[in-house]
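Structure first, commentary second.
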Amino acid sequence: MKKTDKIVILGITGYMGAWLAKDLTAAGYQNIYGSYTNSKKATVLKSTLPNLNLVDINVLTDTEKLNALMFNTKWIFNNTAAFTGQEKDTTDFIVTKTLMANNVMQAIKQAKTIEKIVHLGSVGTIGSGHLNPQVTEYDESDYSAIDPDNIWGVMKLAEERTITQWCQNLNINYVIVHPTNVIGPSFLPWNHDMIPAYLKDGGFLIDSQMDSVDVRDIANLELTLMNDTQVNNLRILGKGFSMMYSQLVNIVSEHLTDQQIQILFGNMTHIIDQKTALNILQNTKDSNFYKENINKINNTLNIHTKYPKAYKYQYTDAKETVVAALDKMLQDLN
């Protein structure tokens, strides 16, 4: 990418999109555009990175504005997480994600200038849906998101397949980035960190393996892969480290006061320990839940990338990332 090339980030105000915008700006790119749907977030991002060109676009409905945004664009980062808010079942989510992908790719087709797209997928498309506990190792060659109960994985796989089919038909290079659990400090005062997703408002969670990646590494990974022709037309898994849910709870409990925990998470999730969980599940070995999750509970699942040289992760210490995320959450309360 040249510093003056037009670059588009779809979903620029998001958790990963904002970090990506920051990294591109810091690297000296001068012609960065981004789509958003939340004007308050856009205002804050623009005040922080004033050289950005931000456009209010709903990628599900604003096809004319999307076409205009793509005009003369060379490089696209698709980080958008479009939803209608009306989805009720797996089919609804597939329809929404496919519509987004088709609208984006139609605009790319019309522009005729795009050289490459980096599309943000999900690890939910990898290793989910397997019902054989003997299989303990997965990489990007896995396409097993077929269980309709795994709504996120199924819809993201449908989205990915739509994007890749279009790219192949149009002869446009692409990379699909599949992050594991994305955690870490938000660049701006909002986040979609998986830490509160797991810990907030009580409930119970079986102690299991939590493959994770720092949000800062995912943003930098996207930028690195865009500039690397050796990874064109590949799926790349994003994983920086792994921990157990119990480790996450311990880090939070050690770093925060009870009052801070209450403010951030309410009644924090109760972790069911491995021994207790295995005793409870002993008589359910024929269930899909057991078959899909037993290796995570036993911490014997090996999810890894086939392309370890594609990116060198900077943030590989779980405690460092979690603490940075917690400190930013507290800071953003002010």
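This chain uses plain numbering: 1 for the first residue, then up along the sequence.
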Within 45° of the six-membered ring axis of [Y] and under 6.0 Å from that ring's centre, is NZ or CZ of [X] located there?
X	Y	result
R216	F187	no
K200	F265	no
K6	Y33	yes

So, [X] versus [Y]: side-chain donor-acceptor pair below 3.5 Å or not?
X	Y	value
T84	E87	yes
T276	D273	yes
D214	T321	yes

Exercise for review: Please identify each residue that fulfils side-chain hydrogen bond (donor to acceptor under 3.5 Å, both in side chains) with S186, with sequence neighbours left out.
Suggested key: none

Check your understanding: What pairs with W19 under side-chain hydrogen bond (donor to acceptor under 3.5 Å, both in side chains), at least two apart in sequence or on another chain?
Key -> none

Search all heavy atoms of [X] against all heavy atoms of [Y] and return the closest pair with its distance.
X	Y	value
D332	L188	OD2-O, 3.7 Å
I117	I108	CD1-CD1, 4.1 Å
I272	A277	CG2-N, 4.0 Å
L237	E140	N-OE2, 2.8 Å
M16	A219	O-CB, 4.1 Å
S212	T180	C-OG1, 3.1 Å

Does [X] reach the main-chain N or O of [Y] with its side chain, forming a donor-acceptor pair under 3.5 Å?
X	Y	answer
T73	W75	no
N302	T136	no
K3	A27	yes
N295	P133	yes
K65	D56	yes
K328	G184	no
N103	L60	yes

**Study point:** Greater than 12 external heavy atoms within 6.0 Å of D258's CG
**Key:** no

Review point. Near E137 CD, under 6.0 Å, is it more than 12 heavy atoms from other residues, nucleotides or ligands?
Key: yes

Check your understanding: How are the rings of F83 and W152 set relative to one another: parallel (under 30°), tilted (30 to 60°) or perpendicular (over 60°)?
Key -> tilted

**Study point:** Set of residues satisfying salt bridge (Lys or Arg N to Asp or Glu O under 4.0 Å) with respect to D207, sequence neighbours excluded
**Key:** none

Practice item. Establish, yes or no, whether a centroid distance under 6.0 Å links the rings of Y313 and Y311. Key: yes

